[in-house]
Protein chains: 2
Amino acid sequence: MKNKIKILRAEHELTQQQLAEKVDVSRQTINAIEKGKFDPSLPLAFKISKLFNMSIEEIFQNE
Amino acid sequence: MKNKIKILRAEHELTQQQLAEKVDVSRQTINAIEKGKFDPSLPLAFKISKLFNMSIEEIFQNE
DNA sequence: TTTTAATGTAAAGTTTGTTTTACAAATATA
DNA sequence: TATATTTGTAAAACAAACTTTACATTAAAA
């Protein structure tokens, strides 16, 4: 699953650490998701999409 | 996290077993998600939302 | 160029999602 | 009512998400 977190993070001028804190996970989790090592849980996907004011589908693309 | 799977399943006249097969998980997984025992993974949430032609946000409500 | 901040990565451990097997309870059908 | 189908649930095992610690690399700033 692909995602636009890195781009959104850049647009909002957030470091991985800052984003991690805002959605309450570790920096490594953000890094791993950005690098496609695994997909976020649904609750985390919701937190991220709310933070950026976007739908989950706009941020995460299945396949 | 709440969801409308049971309702959607009824509308589409699908058993838990049939839905499980369509989204490629076990019946127990569907049952557990319906009963709120745990949240689906993001990939599974995508499969379910595509099956019902709805957005993830329409089916799953965070908190 | 030196120092600091940010990112990439890895291993070990915990938690959560999922499967399999199995059985009991509820609902529909004969 | 008897039988079959559907749903609820539970335990053991495994997989995926996530944490913590730790260090190396890259990029930015002094």
Side-chain angles (χ1 to χ4, degrees):
Chain A
M1 186 140 56
K2 290 202 65 180
N3 70 74
K4 296 177 176 156
I5 294 179
K6 191 166 186 173
I7 295 164
L8 292 167
R9 205 164 50 71
E11 286 175 356
H12 290 74
E13 298 185 56
L14 291 172
T15 66
Q16 292 182 343
Q17 180 64 50
Q18 288 170 333
L19 172 55
E21 282 166 10
K22 281 180 188 285
V23 296
D24 223 54
V25 293
S26 69
R27 177 181 69 80
Q28 285 76 355
T29 292
I30 297 297
N31 186 280
I33 293 168
E34 277 192 11
K35 303 297 266 180
K37 290 191 183 163
F38 52 72
D39 300 319
S41 67
L42 185 55
L44 178 52
F46 262 101
K47 282 187 185 178
I48 294 171
S49 77
K50 276 173 189 162
L51 179 66
F52 291 126
N53 250 310
M54 295 172 71
S55 70
I56 288 179
E57 287 85 352
E58 284 174 311
I59 301 177
F60 302 92
Q61 295 85 34
N62 203 11
E63 88 211 78
Chain B
M1 185 141 55
K2 291 201 64 181
N3 69 74
K4 296 177 177 157
I5 295 179
K6 190 166 187 173
I7 294 164
L8 291 167
R9 205 165 49 72
E11 287 175 355
H12 289 74
E13 298 185 56
L14 291 172
T15 66
Q16 292 182 342
Q17 180 64 49
Q18 289 170 331
L19 173 54
E21 282 166 10
K22 282 181 188 284
V23 296
D24 223 54
V25 292
S26 70
R27 177 181 69 82
Q28 284 77 355
T29 292
I30 298 297
N31 186 282
I33 293 169
E34 276 190 13
K35 302 299 265 182
K37 292 193 182 160
F38 52 72
D39 301 318
S41 67
L42 185 55
L44 178 52
F46 262 101
K47 282 187 183 178
I48 294 171
S49 78
K50 276 173 187 161
L51 180 66
F52 291 127
N53 250 310
M54 295 172 71
S55 70
I56 288 179
E57 288 86 351
E58 284 173 312
I59 301 177
F60 301 92
Q61 294 85 34
N62 205 10
E63 86 210 79

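Each chain gets a letter, A, B and so on, in the order the sequences are listed, and its residues count up from 1. None of these values were measured; they are calculated from a predicted model.
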Give the intermediate values and the outcome of side-chain contact (heavy atoms from CB on, under 4.5 Å) for residues A/Lys47 and A/Val25. CA-CA 10 Å; A/Lys47 282 187 185 178; A/Val25 293; over 6 Å; no
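Atom CG of A/Leu8 is separated from atom CG of A/Leu19 by 9.5 Å, given to the nearest 0.5 angstrom. For the atom pair B/Phe46 CZ and A/Gln61 CD, the distance stands at 7.0 Å (nearest 0.5 Å). Here A/Ile5 contributes atom CD1 and A/Asn31 contributes atom CG; the two are 11.0 Å apart, rounded to the nearest 0.5 Å.
A sub-4.0 Å separation between OP1 or OP2 of D/dC18 and a side-chain N or O of A/Lys47 is absent. Between C/dG8 and A/Lys6, a contact under 4.0 Å exists linking OP1 or OP2 to a side-chain N or O. Between D/dT7 and B/Asn31, no contact under 4.0 Å exists linking OP1 or OP2 to a side-chain N or O. Contact annotation: A/Ser41 side-chain N/O to D/dC18 OP1/OP2 distance is under 4.0 Å.
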Whether each nucleotide of nucleotides 22-30 of chain D has a protein heavy atom under 4.0 Å at its base (B), only at its sugar-phosphate (S) or at neither (-) is summarised, 5' to 3', as B--------
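We find that CD1 of A/Ile33 is positioned 9 Å from C1' of D/dC18, with the value rounded to whole Å. Atom CG of A/Leu44 and atom P of D/dA16 are 18 Å apart (whole Å). We find that NZ of A/Lys37 is positioned 6 Å from C1' of C/dG8, with the value rounded to whole Å. Rounding to whole angstrom units, CD1 of residue A/Ile30 and P of D/dA17 are separated by 14 Å. One can place CD of B/Glu34 at 11 Å from C1' of D/dT6, the figure rounded to the nearest angstrom. Protein atom CD1 of A/Ile48 is 13 Å distant from nucleotide atom P of D/dA17, rounded to whole Å. When rounded to the nearest whole Å, the span between CZ of A/Phe38 and P of C/dT15 equals 16 Å.
Of the residues in residues 8-26 of chain B, those placing a heavy atom less than 4.0 Å from an atom of DNA chain C are B/Asp24, B/Val25, B/Ser26, in numerical order.
Other residues, nucleotides and ligands contribute only 12 or fewer heavy atoms inside 6.0 Å of the NZ atom of A/Lys22. Counting non-hydrogen atoms of other residues, nucleotides and ligands closer than 6.0 Å to CD of B/Glu13 gives a total of 12 or fewer.
At distances below 3.5 Å, not a single donor-acceptor pair connects side-chain atoms of A/Asp39 with backbone N or O atoms of B/Pro43.
Of all non-hydrogen atoms in A/Ile30 and A/Val23, the two that sit nearest each other are CD1-CG2, 4.1 Å.
A/Glu34 pairs with exactly one of A/Arg9, A/Arg27, A/Lys6 by the salt bridge (charged side-chain N to carboxylate O under 4.0 Å, His left out) rule, that one being A/Arg9.
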